[in-house]
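In what follows, a structure is listed as structure tokens, so that the remarks can point back to it.
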Amino acid sequence: MLDIHSHILPCVDDGAESIEESLQLLQIMKEQGITAVIATPHFYPHEDNLDDFLEKTAAAYKELCEAARNKGLPDIYLGSEILYFEGMGHSASLDNFCLNNSPYLLVELTDECIGDSLMANLKYLRQNSGIIPIIAHVERYFRAKKYRKFIKFLEKENITVQINASSVTNADYDRVIAKLMKSGLRILLGTDTHSVDVRPPLMDKALNTISQKYGIQCYNKILKNIDIFYNKIVTDGGLYD
């Protein structure tokens with residue numbers, strides 16, 4: 001089982017604070033049935049320098065892979081979670097942030113950016129750049145004024161979305177998760193894990209909740225989507241050596 005959204009790289013962003021914590025998170029993921037995880041450190045285009053980011057993440061990825069080697073932990077792949085910026089659809093540097101060198105790009109939004117310009121950029125990005133966006137934790141933006149219109153757009157354009165396992169188990173998100181599950185969206189479940197104590201992996205609890213609240217058909221659909229994207233994103237060339 002693939003987790004496409006995590007902050008397990010040590011000392012890179014607001015995720016794991018040490019290599020020891022990174023290994024603890026991987027062990028927890030293993031116990032929850034996760035066999036492969038993509039490390040997706042935050043990239044903020046208006047704050048971060050691209051070269052510095054790539055150097056820092058590559059070093060942390062190498063360190064973690066070496067520390068995890070031969071421990072029976074989930075395979076680790078490298079990607080990023082990039083914050084949307086105006087004109088993203090026309091950027092020539094986005095391939096640096098894709099998941100495991102695939103065409104798939106995990107995009108974080110803000111409530112304020114959800115509108116016609118965002119939708120036009122995502123459509124252009126997909127149709128003209130060869131890069132395929134995946135919307136990170138789409139449930140979080142439900143307070144945005146044009147959220148309903150955005151969800152309809154995502155359905156129409158067949159753009160994949162990711163929801164956080166922690167949101168599925170959080171009563172504050174019950175209504176929005178229920179609506180998303182009933183929609184025609186292609187949904188992936190991700191942990192978006194940051195730490196052992198504050199934001200741990202909750203994949204197993206989320207899957208159990210989906211089965212109990214939304215039925216076995218929905219549960220099976222989520223697992224099928226995860227399996228499909230495992231095949232799309234994970235390749236032998238993704239591991240560091």
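As the structure is a computational prediction, the values presented were derived from the model and not from experiment. The analysis underlying the following values was restricted to heavy atoms, covering all of them including side chains, and did not include hydrogens, waters or symmetry mates.
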- Kindly indicate, with the supporting measurements, whether the criterion side-chain hydrogen bond (donor to acceptor under 3.5 Å, both in side chains) is fulfilled by Tyr77 and Asn101. CA-CA 9 Å; Tyr77 302 89; Asn101 297 313; over 6 Å; no
- In Å and rounded to the nearest 0.5 Å, what is the SG to CD1 distance from Cys218 to Ile187? 6.5 Å
- Task: Please report the closest heavy-atom contact between Ile8 and Leu64, naming both atoms and the distance.
- Result: O-CD2, 3.8 Å
- Query: Can Asp111 and Tyr147 be counted as having a side-chain donor-acceptor contact under 3.5 angstrom?
  - Reply: no
- Query: Under a 4.5 Å cut-off applied to non-hydrogen side-chain atoms, are Asn96 and Phe53 in contact?
  - Reply: no
- Within the distance-only criterion (no hydrogens, no angle test), does the side chain of Thr35 pair as donor or acceptor with the backbone N or O of Met1 below 3.5 angstrom? yes
- Message: Is there a side-chain contact between Lys221 and Asn225 in this structure, where contact means two heavy atoms from C-beta onward sitting under 4.5 Å apart?
- Response: yes
- Item | Close side-chain approach of Gln27 and Lys30, heavy atoms under 4.5 Å | yes
- Any donor and acceptor pair, going by atom type alone, linking the side chain of Asn220 with main-chain N or O of Ile216 inside 3.5 Å? yes
- Task: Can you sort out the partners of Tyr230 under ring pair (Phe, Tyr, Trp, His ring centres under 6.0 Å), two or more places apart, ordered by chain and number?
- Result: none
- Note on the structure: The reported gap from CG in Asn158 to CZ in Phe153 (rounded to nearest 0.5 angstrom) is 11.0 Å
- Query: For residues Asp192 and His7, is any side-chain donor paired with an opposing acceptor at under 3.5 Å?
  - Reply: yes
- Message: I need the minimum non-hydrogen distance between Glu155 and Gly184, along with the two atoms involved.
- Response: OE2-N, 2.6 Å
- Query: Going from CD on Gln162 to CD1 on Ile226, what distance comes out if it is rounded to the nearest 0.5 angstrom?
  - Reply: 10.0 Å
- Item | Interatomic distance, Arg186 atom CZ to Ile222 atom CD1 [nearest 0.5 angstrom] | 12.0 Å
- Query: For Asn49 and Asp52, which heavy atoms make the closest approach, and how far apart are they?
  - Reply: OD1-N, 2.9 Å
- Message: Main chain of Ser102, side chain of Asn100: is a donor-acceptor contact present, judged purely on distance under 3.5 Å?
- Response: no
- Query: Under a single-linkage definition using a 4.5 Å side-chain heavy-atom cutoff for Ile, Leu, Val, Met, Phe, Trp and Tyr, are Leu106 and Val37 assigned to the same hydrophobic cluster?
  - Reply: yes
- Message: For Leu207, is there any backbone N or O sitting under 3.5 Å from a side-chain donor or acceptor partner on Ser211?
- Response: no
- Item | Trace of the side-chain contact (heavy atoms from CB on, under 4.5 Å) decision for Leu2 with Ile34 | CA-CA 6 Å; Leu2 175 66; Ile34 294 169; over 6 Å; no
- Note on the structure: Here the gap from Ile151 atom CD1 to Lys146 atom NZ, rounded to the nearest 0.5 Å, amounts to 14.5 Å
- Item | Ile134 and Phe229: CA distance, side-chain angles, deciding distance, side-chain contact (heavy atoms from CB on, under 4.5 Å) verdict | CA-CA 11 Å; Ile134 298 174; Phe229 275 81; 4.1 Å; yes
- Query: Do Glu81 and Val107 have side chains that get closer than 4.5 Å, going by heavy atoms?
  - Reply: no
- Could you tell me whether Phe150 and Tyr141 have their ring centroids closer than 6.0 angstrom? no
- Query: Which atoms form the tightest heavy-atom contact between Thr57 and Pro41, and what is the distance?
  - Reply: CG2-CG, 3.6 Å
- Does Tyr124 reach the side chain of His90, with side-chain heavy atoms less than 4.5 Å apart? yes
- Determine, stepwise, if the pair Ile159 / Arg126 fulfils side-chain contact (heavy atoms from CB on, under 4.5 Å). CA-CA 9 Å; Ile159 294 176; Arg126 187 168 185 185; 3.5 Å; yes
- Item | Mutual orientation of the aromatic rings belonging to Phe97 and Phe43 [parallel < 30°, tilted 30-60°, perpendicular > 60°] | tilted
- Task: For the pair Thr40 (side chain) and Ser6 (backbone), establish whether a donor and an acceptor sit closer than 3.5 Å, ignoring hydrogens and angles.
- Result: yes
- Note: Leu50 and Ser93 closest approach over all heavy atoms is CD2-CB, 4.2 Å
- If you measure only the distance, is there a donor-acceptor pair under 3.5 Å linking the side chains of Asn164 and His137? no
- Is any side-chain heavy atom of Leu185 closer than 4.5 Å to a side-chain heavy atom of Leu154? yes
- Is Tyr44 isolated, or which residues cluster with it under the ILVMFWY side-chain rule of less than 4.5 Å, directly or via members? Leu83
- Would you say the side-chain atoms of Ser91 pair up with the backbone N or O of Met88, donor to acceptor, closer than 3.5 Å? no
- Query: Do the charged groups of Glu157 and Lys123 touch, with an N to O distance under 4.0 Å?
  - Reply: yes
- Side-chain heavy-atom pair Ser18, Pro10 within 4.5 angstrom cut-off: no
- Going through the checks in order, is the side-chain contact (heavy atoms from CB on, under 4.5 Å) test met by Ile76 and Tyr61? CA-CA 8 Å; Ile76 312 160; Tyr61 177 60; 3.8 Å; yes
- Message: Please check: side-chain N/O of Ser80 versus main-chain N/O of His42, any donor-acceptor pairing under 3.5 Å?
- Response: no
- Item | Flag, side chain of Glu21 to backbone of Glu17, donor-acceptor distance under 3.5 Å | yes
- Does Lys71 use its side chain to pair, donor to acceptor, with the backbone of Ala67 at less than 3.5 Å? yes
- Query: Can any side-chain N or O of Asp48 pair as donor or acceptor with the backbone N or O of Pro45 at less than 3.5 Å?
  - Reply: no
- Item | Between CG on residue Leu109 and CZ on residue Arg140, distance to nearest 0.5 Å | 11.0 Å
- Co-membership, hydrophobic cluster, residues Leu202 and Met181, 4.5 Å side-chain: no
- Message: Does any part of the side chain of Leu94, heavy atoms only, come nearer than 4.5 Å to the side chain of Ser129, both counted from C-beta?
- Response: no
- Message: If I compare all heavy atoms of Ile38 with all of Gly79, which pair ends up nearest, and what's the gap?
- Response: CG2-N, 3.8 Å
- Item | Side-chain donor-acceptor pair present, Arg199, Thr193, cut-off under 3.5 Å | no
- Query: Do Glu20 and Gln24 get their side chains close enough for a donor-acceptor pair, meaning under 3.5 Å?
  - Reply: no
